[in-house]
Number of protein chains: 2
Amino acid sequence: MNSTDTRERILQNMFLDIRKHGFQGLRADKVVADMGITKGALYHYFGNKQAIGKAVIDEIIRPNYLAFYHELDQSNDNPIPRLKEHLDYLSEQATDEDVTLGCPLNNLVQEMSPLDEDFRLRMKNIIDLIQQSVAAALERGKKAGFVRAEVDSQAIGRFFFSSIEGSYSLGKVSKSGAAFKSNMELLKTFLDGLEKP
Amino acid sequence: MNSTDTRERILQNMFLDIRKHGFQGLRADKVVADMGITKGALYHYFGNKQAIGKAVIDEIIRPNYLAFYHELDQSNDNPIPRLKEHLDYLSEQATDEDVTLGCPLNNLVQEMSPLDEDFRLRMKNIIDLIQQSVAAALERGKKAGFVRAEVDSQAIGRFFFSSIEGSYSLGKVSKSGAAFKSNMELLKTFLDGLEKP
DNA sequence: TTGACAACATACCAACTAGTATGTATCTTT
DNA sequence: AAAGATACATACTAGTTGGTATGTTGTCAA
């Protein structure tokens with residue numbers, strides 16, 4: 001097991017613990033202790049607690065969230081079915097246990113935005129990219145004749161993302177994947193309304 | 001200044017600090033120190049930190065959030081304009097500064113749901129009441145001929161609340177009241193689609 | 001084969017944090 | 001007016017938290 005392995009393993013476990021306890025609730029030394037290693041290893045790879053949080057956002061959360069939207073950016077298909085497929089994919093993931101832990105990005109946004117400007121900007125960047133990706137896909141869809149011309153793509157981009165995050169929030173407090181899925185279904189019918197008849 | 005005043009003042013300041021720093025980030029002794037009083041007063045009124053959180057939820061957040069929906073429960077008007085008016089009201093409140101601090105309920109939901117089952121259930125109760133209130137209003141609206149018969153009132157109740165919370169989330173990370181308002185406008189047009197033509 | 005560096009382990013610590021124990025002034029009740 | 005009870009203030013503390021200083025061991029190039 002080489003050094004990058006250890007770093008990756010630490011990061012993964014930090015990610016999981018942050019999702020459960022929040023960043024402020026993260027006890028980094030306990031996490032590594034549970035892994036069978038010590039603070040020596042931890043502070044060898046990360047200068048301080050903040051660096052752990054940043055690495056989790058940049059190296060785990062960001063690529064995971066942007067994967068779908070990078071694909072979307074490449075596509076010239078009708079964006080409406082594409083977006084709906086993504087919502088279906090999120091619904092599939094949404095077990096009670098998963099939803100109960102909340103959306104990792106949303107969790108951090110809520111907790112850290114007012115506390116740390118650096119964290120906030122990193123997360124805002126991810127969210128902006130998602131919105132822009134959706135908006136751009138809708139604009140391409142307009143040109144290709146899939147999407148109604150009067151649609152405000154920017155506004156839909158915001159609303160789309162917000163609805164997903166809000167649904168995670170509801171699912172979290174309800175401990176209910178079903179509540180999340182119900183909202184995804186409604187969001188899909190909302191998207192249908194954007195399609196050119 | 002009588003005793004209840006002091007208790008109320010403590011609670012208000014705790015509410016504000018929790019909104020900024022989260023419950024885990026709350027430094028109760030610092031808050032009272034900034035008020036010019038000491039831990040003696042604090043622990044005279046509240047047994048421990050948990051009790052502060054519960055009192056904030058029950059005595060500040062809950063009545064504040066339920067006020068509109070209690071009114072809604074009483075009304076037999078067309079619920080669609082009513083709900084839209086509420087969204088307008090939320091939009092008016094939504095300055096950049098306000099949105100940046102986030103929705104107090106959503107903040108706590110995100111932070112505390114996985115950490116404290118008692119907190120979670122108190123918050124879930126508030127949210128359930130909101131959803132039920134919206135759903136019941138839509139059902140009355142159906143009977144009175146305002147609302148399309150095929151509307152799934154329960155699902156709309158969930159989606160309505162989730163959209164608002166998600167919009168606060170977006171506004172918070174963006175530090176933008178405008179983003180929140182944009183979403184409220186979209187949610188209003190969504191509500192319009194539920195009305196009987 | 002040696003020396004330099006990476007990859008950890010161990011032992012410590014200062015600051016913080018929630019909470020307690022105890023004291024005191026004021027107010028209320030009898 | 002005496003006797004609690006209430007409303008705080010002050011001083012202390014045990015446990016926690018994030019972090020550091022200093023090892024030790026393996027690796028790998030010169």
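Letters A, B, ... are given to chains in the order of the sequence lines, protein chains preceding strands, and every chain is numbered from 1. Basis for what follows: all heavy atoms, side chains included, without hydrogens, waters or symmetry-related copies.
Nucleotide D:dT16 holds its P atom 15 Å from the NZ atom of B:K49, rounded to whole Å. The nearest whole Å value for the distance from the CG atom in A:D29 to the P atom in C:dC12 is 17 Å. Here the C1' atom of nucleotide D:dT17 and the CG atom of A:N48 are 14 Å apart, to the nearest Å.
An OP1 or OP2 oxygen of C:dC8 is reached within less than 4.0 angstrom by a side-chain nitrogen or oxygen of A:T6. Within the structure, every side-chain polar atom (N or O) of A:Y45 is placed at least 4.0 Å from both OP1 and OP2 of C:dA6. Side-chain nitrogen and oxygen atoms of A:R27 include none within less than 4.0 Å of the OP1 or OP2 phosphate oxygen of D:dT16.
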Exercise for review: Output, in order, the C-alpha distance, side-chain angles, deciding distance and verdict of side chain to side chain donor-acceptor pair (under 3.5 Å) for A:K172 and A:N107.
Suggested key: CA-CA 10 Å; A:K172 187 170 180 175; A:N107 290 356; 2.8 Å; yes
Exercise for review: Decide yes or no on side chain to side chain donor-acceptor pair (under 3.5 Å) for A:D73 and A:Q132, but give the supporting numbers first.
Suggested key: CA-CA 9 Å; A:D73 288 339; A:Q132 290 310 317; over 6 Å; no
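No donor-acceptor distance shorter than 3.5 angstrom exists from the side chain of A:S174 to the backbone of A:S176, with no hydrogens or angles considered.
Checking D:dT20, D:dA7, D:dT10 against every side-chain atom of A:Y43, the shortest atom distance belongs to D:dT20. Side-chain proximity of A:H44 to the nucleotides C:dC8, D:dG19, D:dC8 is greatest for C:dC8. The side chain of A:A41 lies closest to C:dC8, out of C:dC8, D:dA7, D:dG19.
Annotation: A:F119 is in aromatic contact with A:F23 [ring centroid separation under 6.0 Å]. The distance between the ring centers of B:F159 and A:F190 does not fall below 6.0 angstrom.
Judged by distance alone, the side chains of A:S153 and A:E139 do bring a donor and an acceptor atom under 3.5 Å apart.
Less than 4.0 Å separates DNA chain D from at least one heavy atom of each of the following residues of residues 17-26 of chain A: A:L26.
Interface remark: the B:K39 side chain does form a donor-acceptor pair with the C:dG19 base, using a distance-only criterion of under 3.5 Å.
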